[in-house]
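Order of appearance sets the numbers: ligands from 1, and atoms from 1 within every ligand.
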Amino acid sequence: MELYHLWIDGKRVEPSSGEWFETRDPATQEVLAQVGRGNAEDIDGAVSAARRAFDSSGWRNMPPAERGRIFLRIASIIRDQSQDLAILESRDNGKPFKQAKADVEVAARYFEYYAGVADKLLGQTIPVNPGYFDFTRREPFGVCGIIVPWNYPLQIASRAIAPAIVVGNTVVVKPAEETPLTALRLADICQKAGLPDGVINVVPGFGDEAGKALSSHPKVNHLSFTGSVETGISVMTAAARNVVPVTLELGGKSPNIVFADANLEDAADIVVKSIIQNAGQTCSAGSRLIVESKVHEQFTDMVIERMERLQIGPGLQDSDLGPIISGPQMDRVLDYVAVAREEGAVVRTGGGRVLDEKLTNGFFVLPTVFDQVSRGSRVATEEIFGPVLSVLTFYDIDEAIEIANETEYGLVAGVFTNNIRNAHVMAEEVRAGQIYINTYGVGGGVELPFGGYGKSGFGREKGLEALLHFTQLKNVLIRFS
Ligand code: NAD
């Protein structure tokens, strides 16, 4: 059985407790590896290593173009190893191989994208009185703590690590206990590419041990958390005690709003993809369909027909839909079927576990459509995090806006229409961090600022915007007369 150690200060390290935990393929429950169970002591060691690297490895004072070159080498090694990384990710998380392959490419893109901005982090000059010169500098915070969920392990780790370190920070990463393997492989790749020791440290372990220790560590200077609202609140509370800034990427209940004038064939393909990708375990999954009443029946049928055609199977079989990450998470998803029925919704397709004998060891849930969902009901407003779509209808654009904004979340929204006025009004009025018109994303969206309104969190990742969140601004005023 392969052992995955902690990665601290450029070395594989045994967990200080001497304990290891198993990580499994959720399609088969086969044990894939034994992973070091990092605890508070290990986090403390990793934070000290990151601090030393920040103070003295030369990383933050390296010419930015050289930092950029190291990033290009990281991207290139990720691509060289993309087959292995995708197999590892597909087995650890359960996602179909082609989705894992796409995730690996997006991870490479983060390093490539931020390589290009390493030497373009500009300040301002600010006109003041004669005889004075004023300018601003964007400076790194120091040690950034990065807590990653299990749904896009390599992609989300890279999304935070790349912009954090390109501006000179050093990081301690806590991957999710369900999917720790690819983040550890990434650390190894970074070292091969020439990243100095201690700039990236990875401590796998459990949320209430390693995660808690990282979010409350007094020597961490910035925290970036992706995961559930509940844990986000704990992380933010811990950060508040140390007066440390946080970026929170939490859940969503993102709508796809379909007007009758849209290209319905196209829209149906996109709506299905947006809820099926990663078995619906995507923070930005399009989990609500809000459709104009005059095409409700026609469009819902089109969606159901596509859902029922999907191939379901283990990640490496490269089907359309893989398993849910774990038994408890699957039970949580299936509990919502009973909730939907109690609330008067109609389960039009799915609504249970996949019964295929070959899949009974895995946590497979049928693609599911709840129709005639009532406004304000639990299945209309709560994040289910599975391949489950809730359908609501609207009569006019005002009602579409009201329904779209009727959750506490606000991560992403898709709008499908050929009417330019509808498109612009929706773009203005829907409360979400990203609005897509006649599409739902573009690749990994590496270049596009991403983050939430409301309980979907705050701060922005991706694009140039992320650099503002991983730096602090210093103003310098010089009197020269
Ligand atoms: P979670 O919040 O329990 O776990 C996420 C990470 O936080 C894991 O690494 C975990 O070990 C760690 N953690 C757990 N407790 C902690 C604590 N007390 N202190 C510090 N760290 C702790 O999330 P989950 O249940 O594993 O993931 C599912 C949820 O995450 C979904 O509900 C989804 O909404 C959300 N999510 C959001 C995004 C996003 O980008 N917005 C992405 C993925 C998942």
Nearest-contact summary for atom 41 (N) of ligand 1 - protein heavy atom, Å: L250 O, 2.1 Å

Which of the ligand 1 atoms, numbered from 1, are nearer than 4.0 Å to a heavy atom of G251: 34 (O)

Other residues, nucleotides, ligands: >12 heavy atoms within 6.0 Å of R431 CZ: no

Protein heavy-atom partner closest to atom 17 (C) of ligand 1 - residue, atom, separation in Å: G207 O, 3.5 Å

Contact partition for R332 relative to ligand 1, non-hydrogen atoms under 4.0 Å: neither

Shortest protein contact, atom 12 (C) of ligand 1 (heavy atom only): I147 CG2, 3.6 Å

Lys/Arg cation over aromatic Y113: K462, 6.0 Å, 45° cone: no

For Y114, all residues meeting ring pair (Phe, Tyr, Trp, His ring centres under 6.0 Å), sequence neighbours excluded: none

Atom NZ of K273: over 12 foreign heavy atoms under 6.0 Å: no

L392 and E406, any side-chain heavy atoms less than 4.5 Å apart: no

Which residue and heavy atom of the protein sit nearest atom 38 (C) of ligand 1, plus the separation: C283 CB, 2.9 Å

Polar proximity ligand 1 side, T226 side, N/O cut 3.5 Å exclusive: no

Geometric N/O contact N151 with ligand 1, under 3.5 angstrom: no

Protein heavy-atom partner closest to atom 30 (O) of ligand 1 - residue, atom, separation in Å: G227 C, 3.0 Å

Test of proximity, S234 against ligand 1: N or O pairs below 3.5 Å: no

Ligand 1 N/O within reach of V148 N/O, cut-off under 3.5 Å: yes

Aromatic plane relationship, W150 with F385 - under 30° parallel, 30 to 60° tilted, over 60° perpendicular: perpendicular

Stepwise salt bridge (charged side-chain N to carboxylate O under 4.0 Å, His left out) check, D188 with R12: CA-CA 9 Å; D188 196 50; R12 289 192 178 82; 3.5 Å; yes

Protein contact to atom 21 (N) of ligand 1 [nearest heavy atom, distance to 0.1 Å]: G211 CA, 3.5 Å

List, one per line, each side-chain donor-acceptor pair under 3.5 Å for residues 342-352, sequence neighbours excluded.
| from | atom 1 | to | atom 2 | distance (Å) |
| --- | --- | --- | --- | --- |
| E343 | OE1 | R378 | N | 3.3 |
| E343 | OE1 | V379 | N | 3.2 |
| E343 | OE2 | R378 | N | 2.7 |
| R348 | NH1 | D371 | OD2 | 2.9 |
| R348 | NH2 | D301 | OD1 | 2.7 |
| T349 | OG1 | E308 | OE2 | 2.7 |

Structural part of L214 in contact with ligand 1, heavy atom criterion under 4.0 angstrom: neither

For atom 34 (O) of ligand 1, closest protein heavy-atom neighbour: E383 OE1, 2.3 Å

Polar contact flag, side-chain donor to acceptor under 3.5 angstrom, T23-D92: yes

Test log, rule salt bridge (charged side-chain N to carboxylate O under 4.0 Å, His left out), inputs E105 and R79: CA-CA 7 Å; E105 174 54 24; R79 289 202 174 98; 2.8 Å; yes

Reported CZ-to-OG distance for the pair F97 and S319, which is rounded to 0.5 angstrom: 13.0 Å

Full working for ring-ring contact (aromatic ring centres under 6.0 Å, His included) between F206 and F21: CA-CA 10 Å; F206 291 87; F21 64 96; 4.9 Å; yes

Ligand-side contact atoms (ligand 1) for residue partner R159, heavy atom cut-off under 4.0 Å: 40 (O)

Separation of I257 CD1 from I401 CD1 (nearest 0.5 Å): 8.5 Å

Ring geometry between H5 and W20 (parallel below 30°, tilted from 30 to 60°, perpendicular above 60°): perpendicular

Atom pair CG (D42) and CD (E209), whose distance is rounded to the nearest 0.5 Å: 10.0 Å

Atoms of ligand 1, numbered as shown, that sit under 4.0 Å from any heavy atom of V235: 20 (C)

N/O separation below 3.5 Å, T231 to ligand 1: yes

Close N or O approach (D208, ligand 1; < 3.5 Å): no

Within-cut-off N or O pair, S228 and ligand 1, under 3.5 Å: yes

Whether F225 lies under 4.0 Å from ligand 1, heavy atom: yes

Ligand 1 contact by K455, heavy-atom criterion under 4.0 angstrom: no

4.0 Å protein heavy-atom contact status of atom 4 (O) of ligand 1, strictly under: no

For A176, the ligand 1 atoms whose distance to one of its heavy atoms is below 4.0 Å: 9 (O)

Nearest neighbour in protein (non-hydrogen) for atom 10 (C) of ligand 1: E177 OE1, 3.6 Å

Ligand 1 to W150 polar contact by distance, N or O atoms, under 3.5 Å: yes

